[in-house]
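A short worksheet on the structure shown next.
Both backbone and side-chain heavy atoms feed into the values below; hydrogens, waters and symmetry mates do not. Indexing begins at 1, ligand by ligand and atom by atom, following the structure's order.
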Amino acid sequence: MSFKTDSNMHLAKACVVPICEGKKFNLVHKFPADTQRSSEWQNAIQQKEPILKLQDKTHDAIRKRYFVCARHFGINSYKNIESRSLNLTAIPHLNLTNLDEYSKSKAYQLEQSQQTENSPKKAMPTILNKLAATSIKSESIIKPIKRTFDEMHETIMPISNVKSTQNINTSSHNSNERVKICRANLDYELKSNDQKIEAVNECEIKDEPKGKILALLEVNPAQYKKLLSVINSNSNVVVIDNIENDLNTLDDNEIEITVNENEIKIDKFWLRDHCRCGSCFDFSTNQRSLNILNIPDNVSIKCFELKDNKLNVIWDDDHESTYDTDFLLKNQYENLSEAKSNKILWTKEYMSIPSNVCRVSMRDYMSDPDISRKVLKGLCLNGFAFIEGVQATQQNTEFVIRQLFPIHKTLFGEMWTFSDEKKDHMDTAYTNYYLGPHNDNTYFNDASGLQILHCIMNQCTGGENFLIDGFQVAEKIKTGYPDTYERLTKTVVPAEYMEKDYHHKYYAPIINLDPITNEVVQIRFNLYDRAPLNTLPRNQIRQFYKDLKILISELENSENRISFKLEPGTVLIFDNWRVLHGRHAYDGKRTMTGCYVQRSEYMSVLRVNGFIK
Ligand SMILES: C[N+](C)(C)CCCC[C@H](N)C(=O)O
Ligand SMILES: O=C(O)CCC(=O)C(=O)O
């Protein structure tokens, strides 16, 4: 069902056949649902040259986004003269490389019929004749309707002389019968809108309505509500609206609207499910109160209108919904799936430019909200940031972090302070050994989103830290070793952390993609915490180790890492889902304090501050 905004009722669609040069037409056809026939169409229209936009598109994507206009189909391709619906065997065969057969096309026939339609002697379209014969005088269908509602009421009441042979329950229709209920625009000049008449002319009402036909009208929701009382009190009255001739561009499950020049198609069930009226949604809790089971599978719309950036809908059960068009636009799948993050993938070279490194002073961070936002921006873009001038204690480190984030308590505690002497846990971190590039918590279902490190005592040689942009490395693997990349996004690698009273275990791929955007959303890499590899069939094991070596080599590539010695006073915050970290071996005294922040909390802070949606 395709609706129009304002006066333009049908949304013309571009024809994909090259000769049409993307021109838009009212009568276009989707590629067939049958894949074989869809391929036949594609072969027919690409006979001279492949149409690039169709290449490597899925069958559904082609059906959803590309159309073939009536210039490429002859009259015999259609079910009958009036019909705009194709035969099941129709294949585009006219005007594919030039327009020398235009006169044989359906488009030409429509043009001709429209020209005669505009002439005063135009015969009443057959459907209107049929309707008129069974119900009310045809001229009352097409004469200009400039009426107040009362006049309309008047029109409805005298209708009683029409012999009604069958009640048509106005609320039980489904659109397949193509008898749509009650959309009458009292201010509508039907006669002046050939398209409407033509639309009626094109419709195929399988069984003519036996009820009293009010008129070929179209109401907006407010008028419909008024009409409802009349219709309900006159139970035999059925209003045939000016049937929207389905141009095969939309399923019955969808409606199509234009918002800010964007044509968006919305599934009706989805739309009903997202009703934000007081009985469906509780704004005090931001939670739904609507029970999905109460939405019928064939939920349908009686009438709706786009007005003042709102979509007002009356459903077939007379439930009323209003939607902000921004909400509808923002929640289109395409908006999410095509959204690109604003991250800056970096290398050693990029970060060698001091201005590219997010570094703020504690004083500014505490006094200027813009500076704490600068830290969030640095984390969002680069995955790490430094706060300098922090008193070198665990307490002050905690105080600084709590200005922005809640702290994630794990088996290591909330704040943790460790060294090779203070061994609260049996882990390589609690030694003075070299620690290769890794992410923490790969053994947790939900690895911490942020890790904070503050070296509060550094009387040692060595002990430098280094950071690597895991997203940059993943991108390099994707470019240089696409098969390895593909496998590393799918091969689940088990990790575990074991000590007295604890045995955490989890497995997931090393490179994790966002299921919607397909962008890398997390790197889970930690060779130390790898559990026995029992998640791969034997015939895939060797390939995995080859892939792992490719990744490790890239991670060890000094071009991909920045190194620095964390001095007391400088707090490092980094995204543990993106940035790998490590430490060189050291000799002497070195104490590190820090904490974790849960991923959800981190994302929430970014969202509340407008850095992500
Ligand atoms: C000392 N601190 C608590 C920060 C880290 C402990 C690390 C434990 C584990 N090897 C991992 O990488 O997750
Ligand atoms: O000691 C350090 O500098 C870092 C230790 C580490 O990598 C960790 O705790 O995960």
Option from H584, H581, M592, K565 for which side-chain contact (heavy atoms from CB on, under 4.5 Å) with N465 holds:
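The residue from H584, H581, M592, K565 that satisfies side-chain contact (heavy atoms from CB on, under 4.5 Å) with N465 turns out to be M592.
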Would you mind reporting whether L533 and F544 have side-chain heavy atoms less than 4.5 Å apart?
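SC-SC contact between F544 and L533 confirmed.
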Any side-chain heavy atom of V493 sitting closer than 4.5 Å to one from L536?
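Not touching, per the 4.5 Å side-chain cut-off.
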Could you pull out, from I452, D440, L453, the option with a heavy atom nearest to atom 7 (C) of ligand 1?
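It is D440 whose heavy atom sits nearest to atom 7 (C) of ligand 1.
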Any side-chain donor near an acceptor of the partner, [X] and [Y], under 3.5 Å:
X	Y	result
S361	E388	no
D60	T58	no
N560	Q472	no

Heavy-atom distances under 4.0 Å decide this one: backbone, side chain, both or neither, for N465 against ligand 2?
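Within the 4.0 Å criterion, N465 contacts ligand 2 through side-chain atoms alone.
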Do me a favour and list the nearest non-hydrogen protein atom to [atom] with residue, atom name and distance?
atom	value
atom 3 (C) of ligand 1	F412 CG, 3.5 Å
atom 9 (C) of ligand 1	D529 OD2, 3.1 Å
atom 5 (C) of ligand 1	Y596 OH, 3.4 Å
atom 10 (N) of ligand 1	D427 OD2, 2.7 Å

Less than 3.5 Å between some nitrogen or oxygen of [X] and one of ligand 1, yes or no?
X	answer
H438	no
W416	no
Q451	no
Y497	no
T442	no

Salt bridge check: are K549 and E554 linked by an N-O gap of less than 4.0 Å?
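Result for this pair is no, no salt bridge flagged.
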Only heavy atoms of R590, strictly under 4.0 Å: list the atoms of ligand 2 that pass.
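Counting from 1, the qualifying ligand atoms are 1 (O), 2 (C), 3 (O).
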Is the backbone of Y430 close enough, under 3.5 Å, to the side chain of D420 for a donor and an acceptor to pair up by distance?
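No, because the side chain of D420 does not come within donor-acceptor range (under 3.5 Å) of the backbone of Y430.
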Going by heavy atoms, is Y528 under 4.0 Å from ligand 1?
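In this structure, Y528 fails to qualify as a contact of ligand 1 - no heavy atom is under 4.0 Å.
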Is the gap between the ring centers of W346 and F384 under 6.0 Å?
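Yes; F384 has its ring centre under 6.0 Å from that of W346.
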